[in-house]
Amino acid sequence: MNSIIWLLIGIAIGAVVAIAIYIAIRRMVLKGQKEQIIEKAELEAENIKKEKMLQAKEKYLQLKSEHEKMVADKNSQLKEIEIRLKQKENTLNQQTDNLQRKIKEADSARQSLNAQKENLEKKAEEYDRLRSEVNKQIEAIAGMTAVEAKNMLMENMKAEARTEAQAYINDTMDEARLTATKEAKRIVINTIQRTATETAIENAVTTFPIENDEIKGRIIGREGRNIRALEAATGVEVVVDDTPDAIFLSAFDPVRREVARLALHQLVIDGRIHPARIEEVVTKVQKQLEDEILETGKRTCIDLGIHGMSMELVRLIGRMKYRSSYGQNLLQHSREVANISAVMASELGLNPKAAKRAGLLHDIGKVSENEPELPHALLGMKLAEQYKERPEICNAIGAHHEETEMTSILSPIVMVADAISGARPGARREVIESYIKRLKGMEELAASYPGVTKSYAIQAGRELRVIVGAEEVSDEQAAALSSDIALKIQNEMTYPGQVKITVIRETRSVAYAK
């Protein structure tokens, strides 16, 4: 047992000794590696130090070279500047010498001029003295003073010049009258020959063809409700009689007739004809017609080569298609006036484009919906000024019926072209315009009452249909309104026969199922 203990103790002591020896050896090895690492690091540091010193030395030499080069460049520039300054100094010295020499020459010339002036003054005095002596001798011989002789000569010259001038003026005026008359006739005849076109006759009735009586019955509707809906939506009287295969649309406004015709055409093609569908189609057709009117105006301007016109004026030009003037379609008449004016202006050496523009716009006031109490020429001039047309064109529009003073050479050309095209002021034109003005006045009179939504004059002005809002006007008020409108028309307007006033009050309740 003891031997085992001692063996274990010996083993433990040996292990401790071995560990101590290992630790000592490990320290020695680490010390040697540490010294090697330090030496290696010192060597690398020395190499890096040498390398950096070399780089710094190279950088220094490079910077030094660049600095020396920059200094040399600056010195070179300074030398060039110095040379230029010396050259300028020499030039200024030369200019100074030249100026001094010129000043001396000018002083010498001035002195010479003064001497010549004194000599001339002496000669002038001598001349005046001699002339005075000569005049005295002439006066003594003629028996009159110089002033009297001069006045007598002037009077004789005036009388002779006046007689010759008057004779020349008379000859020139006679020749001008003869030449102007011949030239004016030639221009007018040439213009008429070059622009002669056919005219389109329009009236207040449009015929709508239908295929059979079945379609006519569907257009009429149960107890005439479809016709009433169409008349209320368009303001056109629908005349259904015994005429086979035709229905007549009557209204003084061609635009309303066209809306009714297009709406009827779409309803017949679609086959669904009832009040709700009629209102929907009429609204759609009105929008389409407005687009067509604008397109017609644009096409007309393009055909005539007119550019840069306001879109509102273009739209009014398109509306001319649905108006007539003295048996002519207003748009066709305006195109003729534009072409005639351009030809005349070209013959007279004026601007044909400006004349054509003024001719196209001369009747623009007839299709305006504003200020109907103004003459159409003045209204057209006001519209042209509003949309920034040139002053000479505005004056030509306003003066083509001599309702304002002519200040432009284009004005008489447009007036003559208007007369040539057939729109000369006459009884027929005045009757048509007064008729249309009377019907529009009836509609505006009815529309001025509160609660009125629409008003239409139909049957050539023998009936006035007034549509009122059910929320604003009661049945009793509708009856009183018809009497009030009738009384006001009777007191304020002049009309043939009698006028029937029909007030329509309609109640609508709308709901949506979702």
Side-chain angles (χ1 to χ4, degrees), residues 38-132 298 301-302 304-314 342 345-346 348-358 384-396 407-410:
I38 291 172
E39 290 177 359
K40 186 177 181 180
E42 289 176 350
L43 182 61
E44 290 179 355
E46 188 67 23
N47 291 334
I48 292 171
K49 179 180 178 182
K50 290 179 180 180
E51 184 179 355
K52 293 297 181 182
M53 288 181 68
L54 288 173
Q55 292 178 354
K57 188 174 181 180
E58 291 177 355
K59 187 69 175 177
Y60 168 75
L61 293 174
Q62 181 182 358
L63 292 173
K64 182 178 178 183
S65 176
E66 292 177 354
H67 176 70
E68 290 176 352
K69 184 178 179 181
M70 183 176 66
V71 170
D73 292 341
K74 292 291 184 182
N75 290 333
S76 177
Q77 293 176 0
L78 289 173
K79 288 181 180 179
E80 291 178 356
I81 293 171
E82 184 178 358
I83 292 170
R84 286 199 297 269
L85 289 174
K86 287 182 178 180
Q87 291 175 351
K88 288 183 178 179
E89 183 179 1
N90 293 333
T91 302
L92 289 173
N93 292 333
Q94 292 177 0
Q95 292 177 352
T96 303
D97 294 339
N98 292 334
L99 286 174
Q100 290 178 354
R101 186 175 64 256
K102 289 180 179 179
I103 290 171
K104 291 179 180 178
E105 292 175 354
D107 291 339
S108 176
R110 186 171 59 251
Q111 292 175 0
S112 176
L113 287 173
N114 290 334
Q116 292 178 2
K117 183 179 178 182
E118 292 177 357
N119 190 19
L120 287 174
E121 289 177 353
K122 291 180 180 178
K123 290 183 177 180
E125 292 176 357
E126 182 67 19
Y127 172 75
D128 291 339
R129 185 182 63 76
L130 293 174
R131 186 179 64 180
S132 177
K298 290 180 180 178
C301 292
I302 292 172
L304 294 175
I306 295 173
H307 307 287
M309 189 175 290
S310 168
M311 278 294 105
E312 185 61 27
L313 288 180
V314 172
S346 179
L348 295 171
L350 302 175
N351 185 355
K353 291 186 177 180
K356 185 179 290 187
R357 194 181 190 100
E385 291 173 348
Q386 180 181 350
Y387 296 111
K388 311 301 181 185
E389 289 294 325
R390 296 200 300 273
E392 62 269 21
I393 293 176
C394 297
N395 181 255
T407 60
S408 168
I409 191 64
L410 295 179

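When a residue number appears, it is its place in the shown sequence, counting from 1. All of these numbers come straight from a predicted model, not from anything done at the bench.
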When you check the gap from the basic side-chain N to the acidic O, do Lys104 and Asp107 get nearer than 4.0 Å? no
Pairing of Lys102 and Glu105 as salt bridge, 4.0 angstrom limit: no
For Leu120, which residues count as a side chain to side chain contact (heavy atoms under 4.5 Å, CB included) partner, sequence neighbours excluded? none
Between Asn47 and Glu51, is there a side-chain heavy-atom distance shorter than 4.5 Å? no
Can Lys59 and Gln62 be said to form a side chain to side chain contact (heavy atoms under 4.5 Å, CB included), step by step? CA-CA 5 Å; Lys59 187 69 175 177; Gln62 181 182 358; 4.2 Å; yes
Under 4.0 Å between a Lys/Arg side-chain N and an Asp/Glu carboxylate O for Arg129 and Glu125? no
To the nearest 0.5 Å, how far apart are NZ in Lys353 and NZ in Lys356? 9.0 Å
Tell me the closest heavy-atom pair linking Ala345 and Pro352, and the distance in Å. CB-CA, 4.0 Å
Interatomic distance, Glu392 atom CD to Leu350 atom CG [nearest 0.5 angstrom]: 11.0 Å
Taken in chain and number order and not counting sequence neighbours, the residues that satisfy salt bridge (Lys or Arg N to Asp or Glu O under 4.0 Å) with Asp97 are none
For Glu80, check side chain to side chain contact (heavy atoms under 4.5 Å, CB included) against everything at least two apart and list the hits. Ser76, Arg84
Using 0.5 Å steps for rounding, measure from the CG atom of Asn114 to the CG atom of Asn119. 12.5 Å
Is it true that atom CD1 of Ile409 has more than 12 heavy atoms of other residues, nucleotides or ligands lying nearer than 6.0 Å? no
Inter-residue atom distance Gln77.CD - Asn75.CG, 0.5 Å rounding: 9.5 Å
Between NZ on residue Lys298 and CE on residue Met309, distance to nearest 0.5 Å: 13.5 Å
What verdict does the salt bridge (Lys or Arg N to Asp or Glu O under 4.0 Å) test give for Glu126 and Lys122, after you've listed the backbone C-alpha separation in whole Å, the side-chain angles of each residue and the deciding distance to 0.1 Å? CA-CA 6 Å; Glu126 182 67 19; Lys122 291 180 180 178; over 6 Å; no
Under the side chain to side chain donor-acceptor pair (under 3.5 Å) test, which residues partner Thr407, sequence neighbours left out? Asn395
Side chains of Glu44 and Lys40, heavy atoms from C-beta outward: is any pair under 4.5 Å? yes
Can you tell me how far the CG atom of Leu313 sits from the NZ atom of Lys388, to the nearest 0.5 Å? 12.0 Å
Residues in side chain to side chain contact (heavy atoms under 4.5 Å, CB included) contact with Gln116, at least two apart in sequence or another chain: Ser112, Leu113
Residues in salt bridge (Lys or Arg N to Asp or Glu O under 4.0 Å) with Asp128, at least two apart? Arg131
Return yes if some donor-acceptor pair links the side-chain N/O of Thr96 with the main-chain N/O of Leu92 below 3.5 Å, else return no. yes
So, for Glu389 and Cys394, which heavy atoms are closest and what is the spacing to 0.1 Å? O-SG, 3.6 Å
